[in-house]
There are 2 protein chains.
Amino acid sequence: MYVNTKFVLRYTNHDFQFWIYLCKRMKKNTTIKDIAKLAGVSIGTVDRVLHNRGRVSKKALEKVNQALKELEYTPNPIARSLRNNVVYTVQILIPDPKKDPYWLPCMQGVTELIEEFAAFHLNFAVHTFDPSKPQSFSNMGNKLLELGPDAIMFVPLFGKESTQLQKQLFKRDIVSITFNSPIKDHFHHHVGQDLFLSGRVGAKLVSGLVKAPSQLAIIHVEEAYNNAAHMQEKENGFRSYFQEEETGYDIKTLTLKTKEIREQFDKVVQTHPEIEAYFVTTSKTYEVANALTQLGIRKAVIGYDLIPNNVSCLQKNQIQFLIHQAPKKQAYLGLRSLVEKLLFNKELAKVELLPIDIINSENVKSYL
Amino acid sequence: MYVNTKFVLRYTNHDFQFWIYLCKRMKKNTTIKDIAKLAGVSIGTVDRVLHNRGRVSKKALEKVNQALKELEYTPNPIARSLRNNVVYTVQILIPDPKKDPYWLPCMQGVTELIEEFAAFHLNFAVHTFDPSKPQSFSNMGNKLLELGPDAIMFVPLFGKESTQLQKQLFKRDIVSITFNSPIKDHFHHHVGQDLFLSGRVGAKLVSGLVKAPSQLAIIHVEEAYNNAAHMQEKENGFRSYFQEEETGYDIKTLTLKTKEIREQFDKVVQTHPEIEAYFVTTSKTYEVANALTQLGIRKAVIGYDLIPNNVSCLQKNQIQFLIHQAPKKQAYLGLRSLVEKLLFNKELAKVELLPIDIINSENVKSYL
DNA sequence: TAAAAAAATGTGTACGTTAACACAAAATTT
DNA sequence: AAATTTTGTGTTAACGTACACATTTTTTTA
């Protein structure tokens, strides 16, 4: 990232790669002053070149550019931030954690980042929307646009509405990043997980717990909002594993509605007693686990997310594995990328995929 | 951490906790100037009070302290760092990655951190020692002491030698942090994993793969260096799980020597064909997996660390699970804590325990 | 009581970047 | 040709902290 400090990375056994690295970094920080001196102009002129502020003769421009090239100048972000009275505003839009506890960790991730960058001139505001109402998302999105922030991070829970917001942001040159839910037309930046791969991870876990031949079920729990794409990716991954790696498993896909989940699931168990393992593609995993427990049936259950209900089932061994989507980490890293873009002009990655954490009753403590 | 910036954390539904947070943070940064003004003295006097440099009258001292209390002053680390000509030196001592690939990621973690803090006045030097020679550790340790660094991070691979180094560091008031290998007498700071818990995680994974009644084996691979404590903690955790949570499993503990591992292990398989699962407490897990493959036997194998040999076995399904000790993350976080202590006087945690990552053939890609 | 010494306090400058400002030279317009 | 605008350039004052040095005040000594 920023190279402008003196340091030594020594490698006792003279590993060459590390020596090169060392040498490259050991040079003294070049400042705007050095550039000015070498180019034979004043620092004011250098600054005008650096910021494209015009009022520079062709001759001076060339000399400065030459000097810049020779000395590999990188601005000192510390000095810049100290001097700069520019206060960047970052708006954050996430689903209301009160409607779905899954989003609570995002708040924590955001808070953590804010504290970390407290020394810089940044202005954050967190806004929430109702995850069951696309209209709520659109409304808040428009409000944020009116505030004219320098950057926005949001959860693109609704495909159409998100794309629309994205277009507006693009038009206004507002840097943006999304996290958690993937968005189809991504000419933008995103932090998330490879959902297809996470489906495969679930499949592998199931195949370890339940030996072939066996009947498996994928359970989609339909939320009020449409995260069908999300669930479908997981299903595709899950199925791909069994198609490519193992034989002897038969897989059913069942879709349940959140509100009638108990009745519907009881029916599933009655009509398909042969199902040995359930792979639930949402954080509603505990619903399946609880239903099975009440029916007095022990089957393998694998699902998503460390929300309290799921963790509780995990610890009672009613769920064998959970896949952790790490919302806190996603929010933290997304916001961090955004801030580093603003402050240090660090390039934003198109997509940043986080590791897929496997959680069981034992390591769960170490993640909370 | 540092509170001195203006920002707003708004929570649309007026969650009170977040409002309080917001209010607390919204106040303007107080500077040394504000203090001076309120106390009716010059900034020089305030500075002398802040740094206990003496030459301040009792009256002035009181006034300044009063002002400091009233305005909740926190120094701006940015400005401090810009001004400060103090260059902190940080020495790092880790086992030579050429002798054991496990340590290579540490180098990467260190490098990453160095780049991140490039804008500050820091001076890093990485040194290595031979993980099979305690003498090598002691020698390098003494050399580092002579260099008189401001902080040291090291891997306390050898108990006795590490404690000795620790004492010297303590005597000289050098901030230090250890990582990866736990050290017994820890009046110091440490980043690592709960090894007992990681043993339990392994046990839980085994119990999912192999149904009771069944025979299990814990394999310790003795390294040239003594990490017996390390392995013992994992064994204790492993056994505790089966004592407390499940019945019907019989567990054998076997200790093999690295050099004669093949012959020794073949004997184990011959004399104990009933063993259904192997829990290997070191990164030499691939040795067990390879031996089993050559003998044409399929058993459950669970072990430690994402070194290339292990990953390769994992992908060929010769190892079912690996527990990731995240050496890169450990090195990165340890060094980061150290640096933040030096630059921002942030308090060092006594112990920082990282999550215990479970890796299978599918999610392994997302960790590399 | 004056001079010298000691103590207390204030001032100025630097860190590197940024941008307003001043000023001269060149290019236009009147 | 004079007046005005445009353009190019250098100077300087912040941002907040830290410390050397200058200055003032107080105390001690002769």
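Computed from heavy atoms alone, side chains included, the values below leave out hydrogens, waters and symmetry copies. Computed from a prediction, not measured in an experiment: that's the story for all the values here. Every chain is numbered from 1, with letters handed out A, B, ... down the list of sequences.
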Original post:
Could you give the CG-to-P distance, from A:Asp34 to C:dG16, as a whole number of Å?
Top reply: 8 Å
**OP:** Mind calculating the distance between CG (A:Asn76) and C1' (D:dC15) to the nearest angstrom?
**Re:** 13 Å
Original post:
Looking at residues 48-62 of chain B, who's got a heavy atom less than 4.0 Å off DNA chain C?
Top reply: B:Arg48, B:Arg55, B:Val56, B:Ser57, B:Ala60
**OP:** Find the distance B:Lys33:NZ to C:dT11:P and express it as a whole number of Å.
**Re:** 13 Å
Subject >> Rounded (10°) bend between the five-pair end axes of the helix from C:dT1-D:dA30 to C:dT30-D:dA1 >> reply: 70°
Original post:
Among C:dC15, C:dG10, C:dT17, which nucleotide sits nearest the side chain of A:Ile32?
Top reply: C:dT17
Original post:
Atom NZ of B:Lys63 and atom C1' of C:dG10: how far apart are they, to the nearest Å?
Top reply: 13 Å
Original post:
Does A:Arg336 come within less than 4.0 Å of A:Glu340, counting only side-chain N to carboxylate O?
Top reply: yes
**OP:** Supply the atom-to-atom distance A:Asp150 CG to A:Asp173 CG, rounded to the nearest 0.5 angstrom.
**Re:** 11.0 Å
Subject >> Among D:dT9, D:dA13, D:dT17, the nucleotide that comes nearest once only the side chain of A:Ser42 is considered >> reply: D:dT9
Original post:
With a 4.0 Å cut-off on heavy atoms, is A:Ile43 in touch with a base, just the backbone sugar-phosphate, or nothing at all?
Top reply: base
Original post:
Which of these nucleotides, C:dG10, C:dT17, C:dC15, is closest to any side-chain atom of B:Val41?
Top reply: C:dG10
Original post:
What are the two closest non-hydrogen atoms of B:Leu348 and B:Ser176, and how far apart are they?
Top reply: CD1-O, 4.5 Å
Original post:
Between atom CZ in B:Arg80 and atom C1' in C:dA14, what is the gap in whole Å?
Top reply: 17 Å
Original post:
Under 3.5 Å, is there a donor-acceptor pair between the A:Glu70 and A:Gln66 side chains?
Top reply: yes
Original post:
Counting only heavy atoms not in A:Lys37, do more than 12 sit closer than 6.0 Å to its NZ atom?
Top reply: no
Original post:
From the list D:dG10, C:dT17, D:dT17, which nucleotide is the closest neighbour of the side chain of A:Tyr73?
Top reply: C:dT17
**OP:** Please name the pair of heavy atoms, one in A:Tyr332 and one in A:Gly109, separated by the smallest distance, quoted to 0.1 Å.
**Re:** CD1-O, 3.7 Å
**OP:** Taking the side chain as every heavy atom from C-beta outward, state whether A:Leu113 and A:Leu333 have any pair of such atoms under 4.5 Å apart.
**Re:** no
**OP:** Check whether any side-chain N or O of B:Thr45 sits under 4.0 Å from OP1 or OP2 of C:dG10, and answer yes or no.
**Re:** yes
Subject >> Heavy-atom side-chain proximity of B:Glu347 to B:Lys341 below 4.5 angstrom >> reply: no
**OP:** May I ask you to test the A:Tyr73-A:Asp34 pair for a side-chain heavy-atom distance under 4.5 Å?
**Re:** no
**OP:** For A:Asp47 and D:dA14, give me the distance from atom CG to atom P, rounded to whole Å.
**Re:** 17 Å
Original post:
Any donor-acceptor pair under 3.5 Å between the side chain of A:Arg83 and the base of C:dT18?
Top reply: yes
Original post:
Between D:dC19, D:dG16, D:dT17, which one does the side chain of A:Leu82 approach most closely?
Top reply: D:dG16
